[in-house]
Amino acid sequence: QKEVEQNSGPLSVPEGAIASLNCTYSDRVSQSFFWYRQYSGKSPELIMSIYSNGDKEDGRFTAQLNKASQYVSLLIRDSQPSDSATYLCAVNPEGSWGKFQFGAGTQVVVTP
Amino acid sequence: DGGITQSPKYLFRKEGQNVTLSCEQNLNHDAMYWYRQDPGQGLRLIYYSQIVNDFQKGDIAEGYSVSREKKESFPLTVTSAQKNPTAFYLCASSPGTPSYEQYFGPGTRLTVT
């Protein structure tokens with residue numbers, strides 16, 4: 001079983017709709033969670049971090065964390081063609097000193 | 001401007017040659033990391049360093065070496081012992097505790113023929 005799992009996609013989303021991305025992780029004591037956006041051929045860009053159960057909103061992005069169920073999700077509201085990218089979920093297990101576990105990423109395609 | 005720089009952007013080498021990839025940051029971050037990404041794959045950790053003069057192997061350290069003589073710099077050498085060196089190499093840095101948020105440089109695309 002992979003430590004961090006994401007659906008590879010592609011997730012096709014009409015422009016203006018909500019894109020919903022999910023990530024599950026195996027390390028029960030993980031404390032911090034991150035979402036990165038990676039455009040084709042480019043490096044990952046940090047878009048959200050979340051540390052506590054519940055929702056965290058930043059612009060059109062909302063991260064949701066449920067530690068009991070060991071999942072973290074990312075919602076992209078009012079999806080735009082510029083949101084077409086691969087989204088990577090990263091987990092920092094407790095005591096790992098920043099040795100992240102990355103998922104393989106979900107490709108999102110926003111169609112006009 | 002604060003940030004992470006990697007050079008060169010593209011690098012071509014012949015098999016059997018060692019090559020060193022540069023990574024510099026001016027964010028005053030304590031921790032630095034090297035990852036490898038292959039087409040359609042996730043990130044795999046090669047080496048990481050929490051403080052100057054100290055570094056640890058990641059998941060795929062064989063065939064690679066690093067040094068951390070300065071806080072700002074964390075160069076990666078891809079040696080001839082690395083069997084499949086062609087990949088996209090990413091350097092990241094982090095302020096460390098408590099959040100360990102990592103920020104990535106633009107990457108170096110290495111092709112070995």
Side-chain angles (χ1 to χ4, degrees), chain A residues 1-10 21 23-27 29-52 56 58 63 65 72 85-109, chain B residues 2-7 9-10 21 23 25 27 29-51 54-61 68 74 87-111:
Chain A
Q1 181 187 359
K2 290 182 182 177
E3 293 166 319
V4 178
E5 298 212 41
Q6 299 181 251
N7 290 327
S8 60
L21 290 73
C23 171
T24 58
Y25 60 94
S26 59
D27 191 306
V29 296
S30 295
Q31 293 297 315
S32 45
F33 308 85
F34 308 89
W35 283 100
Y36 289 84
R37 177 177 63 199
Q38 185 175 25
Y39 293 115
S40 181
K42 302 295 185 182
S43 63
E45 173 193 7
L46 179 65
I47 54 172
M48 290 287 287
S49 56
I50 186 166
Y51 309 101
S52 305
K56 179 181 178 183
D58 184 358
L65 175 61
V72 56
T86 296
Y87 290 80
L88 304 173
C89 173
V91 174
N92 184 35
E94 185 176 352
S96 72
W97 303 100
K99 190 179 175 185
F100 285 7
Q101 297 168 351
F102 278 91
T106 297
Q107 183 186 6
V108 172
V109 178
Chain B
I4 305 168
T5 57
Q6 292 185 245
S7 60
K9 187 174 181 180
Y10 297 97
L21 282 58
C23 178
Q25 54 97 2
L27 300 169
H29 284 173
D30 287 318
M32 297 186 75
Y33 307 82
W34 274 107
Y35 293 91
R36 168 183 173 142
Q37 188 174 39
D38 294 284
Q41 304 292 316
L43 302 178
R44 292 187 289 169
L45 182 65
I46 304 172
Y47 269 97
Y48 64 108
S49 169
Q50 301 295 332
I51 56 171
D54 188 42
F55 50 83
Q56 288 79 39
K57 293 181 180 180
D59 301 318
I60 56 163
R68 186 87 187 275
F74 192 39
F88 188 37
Y89 289 88
L90 291 157
C91 178
S93 72
S94 166
T97 56
S99 70
Y100 286 100
E101 291 182 347
Q102 292 185 21
Y103 300 89
F104 285 84
T108 292
R109 201 166 294 276
L110 173 64
T111 302

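Numbers restart at 1 for each chain; the letters A, B, ... are given by sequence-line order, proteins then strands. Computation of the quantities below employed the complete heavy-atom set of this structure, encompassing side-chain atoms and omitting hydrogens, waters and symmetry-equivalent molecules.
- The shortest distance between side-chain heavy atoms of A/Tyr36 and A/Phe100 falls below 4.5 Å.
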**Request:** Before giving the answer on ring pair (Phe, Tyr, Trp, His ring centres under 6.0 Å), spell out for A/Phe33 and A/Tyr25 the whole-Å C-alpha distance, their side-chain angles and the decisive distance to 0.1 Å.
**Result:** CA-CA 10 Å; A/Phe33 308 85; A/Tyr25 60 94; 4.8 Å; yes
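- Residue A/Gln101 does not touch chain B at all, counting heavy-atom pairs closer than 4.5 Å.
- In this structure, chain A has heavy atoms under 4.5 Å from both the backbone and the side chain of B/Glu101.
- A donor-acceptor pair under 3.5 Å links the side-chain atoms of A/Asn92 to the main chain of A/Gly98, judged by distance alone.
- B/Ser94 contributes atom OG, which lies 6.5 Å from atom NE2 of B/His29 (distance to the nearest 0.5 angstrom).
- In terms of heavy-atom pairs under 4.5 angstrom with chain A, the leader among B/Pro39, B/Gly40, B/Ala31, B/Pro106 is B/Pro106.
- When heavy atoms are compared at a cutoff of 4.5 Å, B/Arg44 does not approach chain A at all.
- Only the side chain of B/Gln37 comes within less than 4.5 Å of a heavy atom in chain A; its backbone stays farther off.
- Looking at A/Val72 and A/Ile50, their side chains come closer than 4.5 Å, going by heavy atoms from C-beta outward.
- When each of A/Ser32, A/Pro44, A/Ser49, A/Ala90 is scored by its heavy-atom pairs under 4.5 Å with chain B, the top score falls to A/Pro44.
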